[in-house]
There are 2 protein chains.
Amino acid sequence: MTTSKRIRIQDIAERVGVSTMTVSRVLNQDSKVSDAKRALVMKAVKELNYRPNVAARRLASNKSFFIGLLYFDDLDTSYLSKFLLRGLKICRSTGHHLVVEEIDDDINKALASVKELIEVTQVDGLILLPPICNNEKLLTTLQQANVSFVRIAPDTQLNLSPYICMDDYQASFEMTEMLIKQGHSKIGHIIGNPNQGVSRLRYQGFLDALRSNKINVPPEYIEQGLFTVDSGVEAAKKMLSLDDRPTAIFAANDAMAAGVLSAANMARISVPDELSIAGFDDGHLAVSVSPNLTTVRQPIQQMAELAIDIIASGKFSDLAKANAREFRNVLDFEIVERESTNTLK
Amino acid sequence: MTTSKRIRIQDIAERVGVSTMTVSRVLNQDSKVSDAKRALVMKAVKELNYRPNVAARRLASNKSFFIGLLYFDDLDTSYLSKFLLRGLKICRSTGHHLVVEEIDDDINKALASVKELIEVTQVDGLILLPPICNNEKLLTTLQQANVSFVRIAPDTQLNLSPYICMDDYQASFEMTEMLIKQGHSKIGHIIGNPNQGVSRLRYQGFLDALRSNKINVPPEYIEQGLFTVDSGVEAAKKMLSLDDRPTAIFAANDAMAAGVLSAANMARISVPDELSIAGFDDGHLAVSVSPNLTTVRQPIQQMAELAIDIIASGKFSDLAKANAREFRNVLDFEIVERESTNTLK
DNA sequence: AAACTTTATGATATCGCTAACAGTGTTTGT
DNA sequence: ACAAACACTGTTAGCGATATCATAAAGTTT
């Protein structure tokens with residue numbers, strides 16, 4: 001093995017002929033370095049392929065370089081793992097580390113473990129995935145503990161912290177319009193779990209798209225689901241047994257859409273010929289059922305990147321800043337047309 | 001915030017009345033400490049709720065406390081995320097960190113990035129998930145680089161390194177016997193991706209179970225798949241259109257089993273009444289389709305724990321030891337009966 | 001032009017831990 | 001009985017970075 005001694009900040013300093021502090025300043029974006037020296041240092045850094053020693057940096061700076069990621073068991077595995085994998089990658093490049101913690105059902109246990117996490121690892125910041133990013137007790141605790149946090153797709157108290165989300169309402173609106181353009185006018189909707197705000201947004205987008213196209217929705221075309229496959233099956237069974245059943249069903253997530261598909265199969269209704277189905281999320285599931293689901297792609301990876309960047313860059317430290325416009329990030333979505341929807345014949 | 005100063009090794013030393021080295025020795029399982037002092041130190045450690053400062057430890061000891069996890073894109077997300085989540089948890093308790101790296105299709109790029117990973121992060125060891133744990137070039141490179149690694153479910157060169165796996169052959173055998181006990185004798189099998197060794201093992205277990213029960217398998221009941229949903233659909237279509245079609249199909253993983261389910265639905269064959277379906281893996285998918293899949297549960301979490309423990313404990317450093325029996329771990333599986341299989345009527 | 005800022009740099013002291021060596025006693029070997 | 005081996009404990013010196021303070025040079029004010 002080529003035991004090529006690891007390059008230290010000192011090696012660079014010697015090569016360039018400055019002190020280690022100057023190098024450190026350059027590396028930490030500290031502005032008080034002359035352009036000439038900064039350039040020299042940067043050049044040497046590249047030439048020697050210098051990588052900071054995270055441990056030393058952490059020890060000296062008394063920052064932890066840890067980022068906590070809190071999620072709730074409930075969350076779709078594919079959502080989580082996408083977020084996680086991208087997050088881990090980004091972290092590596094910034095020298096941070098992800099500390100992932102599952103949040104307990106029991107809020108008191110959860111609070112205790114989060115407090116423990118904060119004390120023990122001294123995280124620089126936390127990322128809260130939905131739906132726990134809306135838990136009031138948790139949010140209060142974090143504020144009291146004076147920890148920075150970024151929330152993903154929150155639906156309450158939007159100026160409590162920086163957040164990242166996509167426009168669920170608009171996505172739902174556009175998906176519905178797409179179905180309408182395909183000739184559907186009898187469109188059903190399965191609402192998501194009512195204790196997640198996105199369910200309401202998606203429902204509203206659906207309704208408004210129909211209204212703006214002057215299409216009426218009979219109440220039987222709306223069912224309440226729970227974001228689970230089973231709830232999708234149940235809802236679809238009811239809708240599909242109607243005398244005048246819908247020609248398209250838009251479920252508020254992929255799991256329920258998969259449920260609709262199962263129900264359709266059981267009822268011997270062919271998809272997409274007799275029934276179009278649309279989902280929301282574009283997780284693994286969307287391409288694991290056949291026909292593959294038409295769905296809305298959430299920009300999860302991008303969310304992960306942004307979330308980590310916000311914390312890693314230390315851009316916000318005091319809460320005043322945290323409310324600044326730049327920390328309200330609404331990302332673009334994408335409608336992915338696959339095989340489960342089709343023009344109405 | 002209670003800014004309770006973090007406890008240092010020195011605080012303990014002072015309280016007990018020994019030097020910091022003695023405390024350090026106790027904490028690092030170094031044997032040369034008298035039982036009396038060891039007990040005192042341990043007591044203080046508990047009372048003060050001491051947690052070592054990982055950064056300092058890393059800096060001083062020149063170990064990285066990093067563990068690399070290499071995976072190939074191909075891998076089922078749910079497999080990966082289960083492994084990852086448990087791995088991250090275990091790591092936290094040992095003070096290690098996971099550095100996760102996706103391996104490129106192009107083996108040369110992959111080797112380059114692995115080398116980079118090793119140099120940059122100075123990992124204490126690597127964990128190789130299937131199928132890349134069988135890649136010869138990669139293995140050779142790692143050996144040359146003199147890095148410790150543990151392989152998960154490898155199927156070649158078994159005494160090259162410690163490994164962890166389950167008995168795929170036996171699991172497949174038992175699953176098949178279960179179907180036979182349910183009264184099935186016309187059982188089809190969809191073989192997994194031929195370039196993963198487990199496919200062969202599962203196929204063999206299937207064949208041997210039938211043979212030991214004196215049941216004949218017509219060649220039309222065996223199809224080659226690729227571990228993908230689509231390949232499952234294709235294989236099932238063929239099998240289900242036979243004049244004398246099987247009453248049960250055992251697919252070598254859940255994705256293909258989900259494919260079989262889709263095909264059955266398309267062909268209006270009811271599951272499990274007219275067709276029983278069994279899968280393998282027990283990932284997220286198994287409970288996302290309906291009916292839920294009967295399948296084999298892989299002890300993924302346990303694999304993760306063990307893998308990390310082996311590396312974290314530094315139990316093996318030279319390759320001689322690495323071949324010892326204790327590093328060949330075959331874990332138990334579990335057959336999970338759900339709704340997709342039923343007694344033949 | 002004296003007095004005061006501001007800006008760019010360096011010297012030095014840590015951060016919390018462990019490696020390496022240097023003692024103590026205490027046991028063992030011959 | 002005296003050297004050699006062993007078991008236990010402490011001392012000292014870093015690991016590689018940053019914080020903090022000090023200093024020199026340049027720019028501003030009055």
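Chain identifiers are assigned alphabetically (A, B, ...) following the order of the sequence lines, protein sequences preceding nucleic acid strands; residue numbering begins at 1 within each chain.
- Contact check, B:S24 against C:dT18: a side-chain N or O comes under 4.0 Å of OP1 or OP2.
- Comparing B:S19 and B:S61, the nucleotide of DNA chain D nearest to each residue sits closer to the 5' end for B:S19.
- Note on B:V33: only backbone sugar-phosphate atoms sit closer than 4.0 angstrom, heavy atoms only; bases stay farther off.
- With rounding to the nearest 0.5 Å, the separation of OG1 in B:T141 from CD in B:E136 is 11.0 Å.
- Rounded to whole Å, atom C1' of D:dG16 lies 17 Å from atom CZ of A:R51.
- Atom CG in A:D35 sits 11.0 Å away from atom CG in A:L40 (nearest 0.5 Å).
- Closest approach to the B:S34 side chain among D:dA17, D:dT9, C:dC17 is made by D:dT9 (side chain taken as heavy atoms from C-beta onward).
- When all heavy atoms are compared, the tightest approach of B:V16 to B:V41 is CG2-CA, 4.1 Å.
- Taking atom CG on A:N53 and atom P on D:dA17, their separation rounds to 5 Å, with Å as the unit.
- Comparing A:M21 and A:K32 by the nucleotide of DNA chain C that holds the closest heavy atom to each, the one mapping nearer the 5' end is A:K32.
- Atom-to-atom, CG of B:N62 to P of D:dG16 comes out at 7 Å; the value is rounded to the nearest Å.
- For A:I7 and D:dC15, the CD1 to P distance is 15 Å, given to the nearest whole Å.
- Between A:H97 and B:H97, the ring planes lie parallel to each other; the angle is under 30°, not in the 30° to 60° tilted range.
- B:R58 places its CZ atom 15 Å from the C1' atom of C:dC15, with the value rounded to the nearest Å.
- One atom, CG of A:L59, and another, C1' of D:dG16, lie 9 Å apart when rounded to the nearest Å.
- Side-chain nitrogen and oxygen atoms of B:T20 include none within less than 4.0 Å of the OP1 or OP2 phosphate oxygen of C:dC17.
- Atom C1' of nucleotide C:dC15 and atom CD1 of B:I9 are separated by 14 Å, given to the nearest angstrom.
- Of the two residues near DNA chain C, A:V18 and B:A55, the one whose nearest nucleotide lies more 5' is A:V18.
- At whole-Å resolution of the value, CZ in B:R25 and P in C:dT18 are 11 Å apart.
- Checking A:A60 against B:D35, the closest nucleotide of DNA chain D that is more toward the 5' end is the one next to B:D35.
- Taking only side-chain atoms of A:K37, from C-beta outward, the nucleotide of C:dT18, D:dG10, C:dT9 with the closest atom is C:dT9.
- Residue contacts shown for B:Y50 are limited to sugar-phosphate atoms, with no base heavy atom under 4.0 Å away.
- Within the 4.0 Å cut-off from OP1 or OP2 of D:dG16, not a single side-chain nitrogen or oxygen of A:R57 is found.
- For the residue pair A:E14 and A:Q10, a side-chain donor N or O sits within less than 3.5 Å of a side-chain acceptor on the partner.
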